Student: 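This is the structure I have questions about; it appears just below.
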Amino acid sequence: MHPGSLVAAVARALHPVLPAAAGLTEDEVAASLAAPPDPALGDFAFPCFKLAKALRKGPPQIAAEIAAGLADPAGLFSRAVATGPYVNLSLDLGRAAALVLPRLASGEPARRPATGVRVMVEFSQPNTHKAFHVGHMRNLCLGDSLVRLLRVAGDDVVAANYLGDVGAHIAKCLWWYLDRLHDRTPPADRRGEWLGELYAAASNQLDTWEDQAQAGDVAAASELQQAKARTSEILHRLEAREPEIMAVWQETREWSLEEFAEIYQWCDVGFDRVFFESEVDEPGLKLVAEFLDKGVFVVSNGAVGVVNDEVKHMPFFMLRKQDGTSLYSTKDLALARLKFEEYRIDRSVYVVDVRQSDHFRHVFLTLKKMGFYQAERCQHVPYEMVELPDGPMAGRKGNVVLFRSLRQQMTSHLRKTWFQQFEGQWSPEEIDAAERTVALGAIKYGMLNRDVNQKIVFDLAAWLNLDGNTGPYLQYTGARAGSILRECGEVGKALDPALLASEAAVQAVTASLQEPQERELLLALDRLPQTLAAAAEQLRPSIVCTYAFELCRTFNRFYNADNCRVKPSEGPLLQARLLLVHAFVHALRETLAVLGISVPRRM
RNA sequence: GCGCCCAUAGCUCAGUUGGAUAGAGCAUCGGCCUUCUAAGCCGAGGGUCCCAGGUUCGAAUCCUGGUGGGCGCGCCA
């Protein structure tokens with residue numbers, strides 16, 4: 001439990017009066033505390049069902065006895081009553097606020113003490129020479145959020161990317177580029193995306209010929225034959241590192257890399273280490289030879305692999321093809337070794353879509369057989385796919401939504417429906433910056449709000465609707481809260497800094513809080529640390545999204561209530577409300593920060 | 001065939017280790033802007049939590065068996 005939280009304080013007060021026979025620790029008491037269904041019942045509820053067996057009494061009787069016996073020297077509770085099998089506890093709002101608000105209002109960060117655990121989070125992993133589309137965005141947002149969550153939880157996190165810069169897709173793309181293109185000049189401002197279009201064109205052409213050949217088209221079959229021979233030749237020349245083809249590879253690869261760098265920068269995502277498939281290709285093959293010698297790997301039909309009986313439906317995990325070349329799996333083993341050796345990591349997290357669950361099970365089992373103790377601390381974070389209303393994204397169907405298109409449509413929609421109104425009042429720079437922040441908030445929240453095991457059907461029209469449970473709603477709420485502080489500041493109603501220093505002074509002003517909206521907001525603020533901890537523990541940013549939305553809804557009720565207006569307030573009540581708003585602003589900022597979302601100053 | 005995932009309001013989804021009357025957004029209908037930003041707030045309607053058994057004081061939640069949908073299953077990544 002978090003020592004400064006209300007839950008902890010309630011558990012501390014409740015624990016001594018529980019019958020010893022129940023044998024509950026303070027932490028267990030804290031864990032069992034729940035919110036009553038109706039706020040009128042109380043702020044916390046302690047259910048007595050589990051005590052019934054040990055005490056051989058009915059839960060309602062136990063609840064009644066606990067409520068009657070509750071001593072409250074700290075004056076934390078305003079009411080403690082048994083309602084059926086529950087002990088319902090109402091907090092003294094002023095005292096509770098004095099416990100919770102000062103840390104948050106001061107802006108002290110929520111980061112937990114260092115755990116000493118070094119964890120690597122590998123995510124994004126786009127292929128060069130291919131398009132970056134909305135499907136990649138889910139991975140990017142998820143991985144980045146996990147990095148941020150684990151950092152707040154106190155881990156030493158290494159954010160890693162792993163770029164696919166070798167393989168058949170490159171050969172296809174270069175085939176088109178070298179053989180089929182009249183004009184090989186890329187558009188200067190979008191060379192990476194252009195390269196992706198070449199790959200898509202190549203891939204489509206091959207698929208079309210394939211279909212036509214299947215249907216008996218002799219000409220198509222011949223074209224297909226020649227193209228396959230050519231891509232195969234390109235691939236072999238790449239693997240042989242022939243200077244001429246390597247020069248083309250390097251130049252085009254650079255176009256993709258600059259595209260990715262621009263995307264990451266716009267998305268405010270950073271990496272500490274970027275691995276390339278090209279750097280683990282040869283080490284992978286060496287590793288295969290080494291463990292084949294050791295008898296860990298076996299030969300099967302001319303290929304090399306390992307038998308992992310634990311994966312019953314597919315025990316053979318191939319690591320080297322018949323022709324002696326490497327596979328994705330080969331490189332993943334070499335990459336894992338590189339990670340272990342280069343960074344001495346304690347834990348390794350792979351953010352990769354759910355279709356690769358079997359693959360990673362095999363990788364981790366194999367690493368264990370190879371003798372890497374870290375294999376136990378490797379973890380695949382699977383997430384479901386992003387689809388479009390007409391089904392899975394496929395180059396062939398031409399229904400891929402590219403990143404640039406998403407960004408462009410999101411920002412121009414925001415300009416037209418919202419930011420246009422500020423033209424002439426705000427500087428163009430501020431408008432652009434706010435527009436980007438909000439577009440990014442909409443995209444990230446949309447990608448993270450849904451649990452990882454749910455598919456996301458990407459419907460642009462729906463994503464442009466920014467009402468309700470969306471990123472911009474949260475940002476708007478934050479901007480409104482900020483404007484309270486700004487407006488109050490302008491009329492000389494700022495928060496007294498002395499309040500952050502003295503607990504007695506805080507309590508003197510928070511005692512004036514009494515509205516239900518203030519109480520709800522306080523209770524919502526109190527749940528921040530436990531929410532971040534749970535999300536980090538379970539590697540689920542969606543938990544944070546749900547919390548952020550509830551927190552903002554609670555704030556908006558406070559904001560909208562006539563009886564809770566801050567600016568017209570005076571004296572202690574004004575100060576108490578300013579504390580609440582400051583605390584909210586910082587809590588929201590911390591909450592959104594782990595999602596990679598920021599709040600514009602105004603919007 | 002084997003393995004994994006999903007099924008909750010018209011649509012999209014939440015639902016902490018099993019707990020009080022199953023929630024939210026969107027959509028529909030009705031209210032609230034001379035007072036801190038209406039991308040907001042309040043209210044109404046809307047449910048066989050896929051089905052059938054089981055476990056127990058108590059099941060949307062756990063177990064078993066089905067049904068429907070998605071994904072994966074040796075030389076792609």
Side-chain angles (χ1 to χ4, degrees), chain A residues 28 31-32 34 36-38 41 45 47-50 52-53 58-59 83-86 88 125 127 130 164 166-169 277 300-305 311-314 316-323 325-329 331-332 352-359 361 382 384-385 387 392 414 417-418 438 449-457 459 462 465-470 472-477 479-488 491 493 530-531 534 537-538 542-543 545-546 549-550 552-553 555-562 564-569 577 581 602-603:
Chain A
E28 287 168 333
S32 62
D38 180 355
L41 287 168
C48 297
F49 302 100
K50 281 172 187 147
K53 208 171 275 176
T83 312
Y86 294 89
N88 285 327
Q125 309 114 330
N127 284 329
K130 273 190 175 183
V166 293
H169 74 276
E277 268 191 65
S300 166
N301 289 334
V304 175
V311 188
K312 282 177 299 191
H313 59 284
M314 188 188 65
F316 187 71
F317 185 45
M318 187 179 291
L319 296 166
R320 191 174 78 191
K321 295 188 267 185
Q322 272 182 344
D323 65 4
T325 58
S326 70
L327 289 141
Y328 183 49
S329 50
K331 295 167 226 174
D332 252 343
V352 184
D353 75 70
V354 67
R355 296 175 304 185
Q356 312 215 18
S357 295
D358 283 340
H359 167 79
R361 236 189 120 200
E384 267 293 350
M385 308 302 292
E387 296 188 356
L414 283 169
T417 59
W418 188 259
V438 175
N449 183 33
R450 189 142 319 168
D451 199 79
V452 287
N453 55 15
Q454 291 282 358
K455 262 189 326 202
I456 292 178
V457 176
D459 181 354
N465 178 1
L466 302 173
D467 295 329
N469 191 357
T470 63
Y473 169 83
L474 309 177
Q475 295 170 313
Y476 178 67
T477 308
R480 280 174 128 189
S483 95
I484 293 181
L485 301 179
R486 193 169 48 240
E487 296 265 322
C488 284
V491 294
K493 290 184 166 182
Q530 66 205 57
T531 303
E537 162 78 27
Q538 299 170 49
S542 65
I543 294 175
C545 292
T546 303
F549 180 59
E550 278 172 10
C552 284
R553 252 184 354 129
F555 179 82
N556 276 322
R557 279 197 283 266
F558 165 82
Y559 182 93
N560 246 276
D562 288 333
C564 292
R565 301 185 70 78
V566 181
K567 204 173 159 189
S569 306
R577 285 178 173 166
V581 177
R602 48 183 183 170
M603 68 184 269

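Residue numbering restarts at 1 for every chain, and letters A, B, ... go by the order of the sequence lines. Note that the structure is a prediction, hence the values are computed from the model and not measured.
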Student: Could you work out, with salt bridge (charged side-chain N to carboxylate O under 4.0 Å, His left out) as the rule, every residue matching K321(A), not counting sequence neighbours?
Tutor: none
Student: According to side chain to side chain donor-acceptor pair (under 3.5 Å), who are the partners of Q538(A), at least two apart in sequence or on a separate chain?
Tutor: R540(A)
Student: Quick one, E384(A) and R450(A) - any side-chain contact, counting heavy atoms below 4.5 Å?
Tutor: no
Student: Determine the interatomic distance between C1' on A7(B) and the same-named atom on U12(B); round to the nearest Å.
Tutor: 14 Å
Student: Please name all residues satisfying ring pair (Phe, Tyr, Trp, His ring centres under 6.0 Å) with H169(A), sequence neighbours left out, ordered by chain then number.
Tutor: none
Student: Under 4.0 Å, counting only non-hydrogen atoms across every strand here, what does D332(A) touch: a base, just sugar-phosphate, or nothing?
Tutor: nothing
Student: Got a sec, which residues hit salt bridge (charged side-chain N to carboxylate O under 4.0 Å, His left out) with D353(A), two or more places apart in sequence or on another chain?
Tutor: R355(A)
Student: Categorize S357(A) for me: base, sugar-phosphate, or nothing, with a 4.0 angstrom heavy-atom threshold over every strand shown.
Tutor: nothing
Student: Need one value for A462(A): base, sugar-phosphate or nothing, where a base atom within 4.0 Å counts as base even if backbone is also close, heavy atoms only.
Tutor: nothing
Student: For R480(A), check side chain to side chain donor-acceptor pair (under 3.5 Å) against everything at least two apart and list the hits.
Tutor: N556(A)
Student: Remember a base hit wins even if backbone is also touched, and classify A34(A) as base, sugar-phosphate or nothing at under 4.0 Å, heavy atoms.
Tutor: nothing
Student: With heavy atoms under 4.0 Å as the rule, sort I456(A) into base, sugar-phosphate or nothing.
Tutor: nothing
Student: Grab the stems for RNA chain B, please: at least three consecutive Watson-Crick or wobble pairs, both distances below 3.5 Å, written as range with range.
Tutor: B:1-7 with B:67-73, B:10-13 with B:23-26, B:28-32 with B:40-44, B:50-54 with B:62-66
Student: Using the purine O4'-C1'-N9-C4 or pyrimidine O4'-C1'-N1-C2 torsion, is C33(B) syn (within 90° of 0) or anti?
Tutor: syn
Student: Who are the ring pair (Phe, Tyr, Trp, His ring centres under 6.0 Å) partners of F549(A), not counting sequence neighbours?
Tutor: Y473(A)
Student: Going 5' to 3' along nucleotides 62-77 of chain B, which nucleotides have protein heavy atoms under 4.0 Å from the base (write B), which only from the sugar-phosphate (write S), and which from neither (write -)?
Tutor: ---------SBSBBSB
Student: Under 4.0 Å, heavy atoms only, any strand: does P85(A) hit a base, just the sugar-phosphate, or nothing?
Tutor: nothing
Student: Between the protein and nucleotides 56-58 of chain B, list the N/O to N/O atom pairs that are separated by less than 3.5 angstrom.
Tutor:
none

Student: What's the closest nucleotide to the side chain of Y559(A) if the choices are A39(B), A38(B), A20(B)?
Tutor: A38(B)
Student: Would you tell me if any nitrogen or oxygen in the side chain of R557(A) comes within less than 4.0 Å of OP1 or OP2 on C41(B)?
Tutor: no
Student: Using a 4.0 Å heavy-atom cut-off, write out nucleotides 21-35 of chain B from 5' to 3' as B (base contacted by protein), S (sugar-phosphate only) or - (no contact).
Tutor: ---SSS--------B
Student: In whole Å, what separates the C1' atom of U56(B) from that of G18(B)?
Tutor: 10 Å
Student: Regarding M385(A), tell me which of base, sugar-phosphate or nothing describes its non-hydrogen contacts under 4.0 Å with the strands shown.
Tutor: nothing
Student: Where the side chain of N453(A) is defined as all heavy atoms beyond and including C-beta, which of A38(B), C5(B), U12(B) is the nearest nucleotide?
Tutor: C5(B)
Student: Going by the rule side chain to side chain donor-acceptor pair (under 3.5 Å), which residues pair with T417(A) if we only count those two or more places apart in sequence or in a different chain?
Tutor: none
Student: Residues in ring pair (Phe, Tyr, Trp, His ring centres under 6.0 Å) with F317(A), at least two apart?
Tutor: H359(A), H362(A)
Student: Taking atom P in both C71(B) and A39(B), what distance in whole Å separates the two?
Tutor: 41 Å
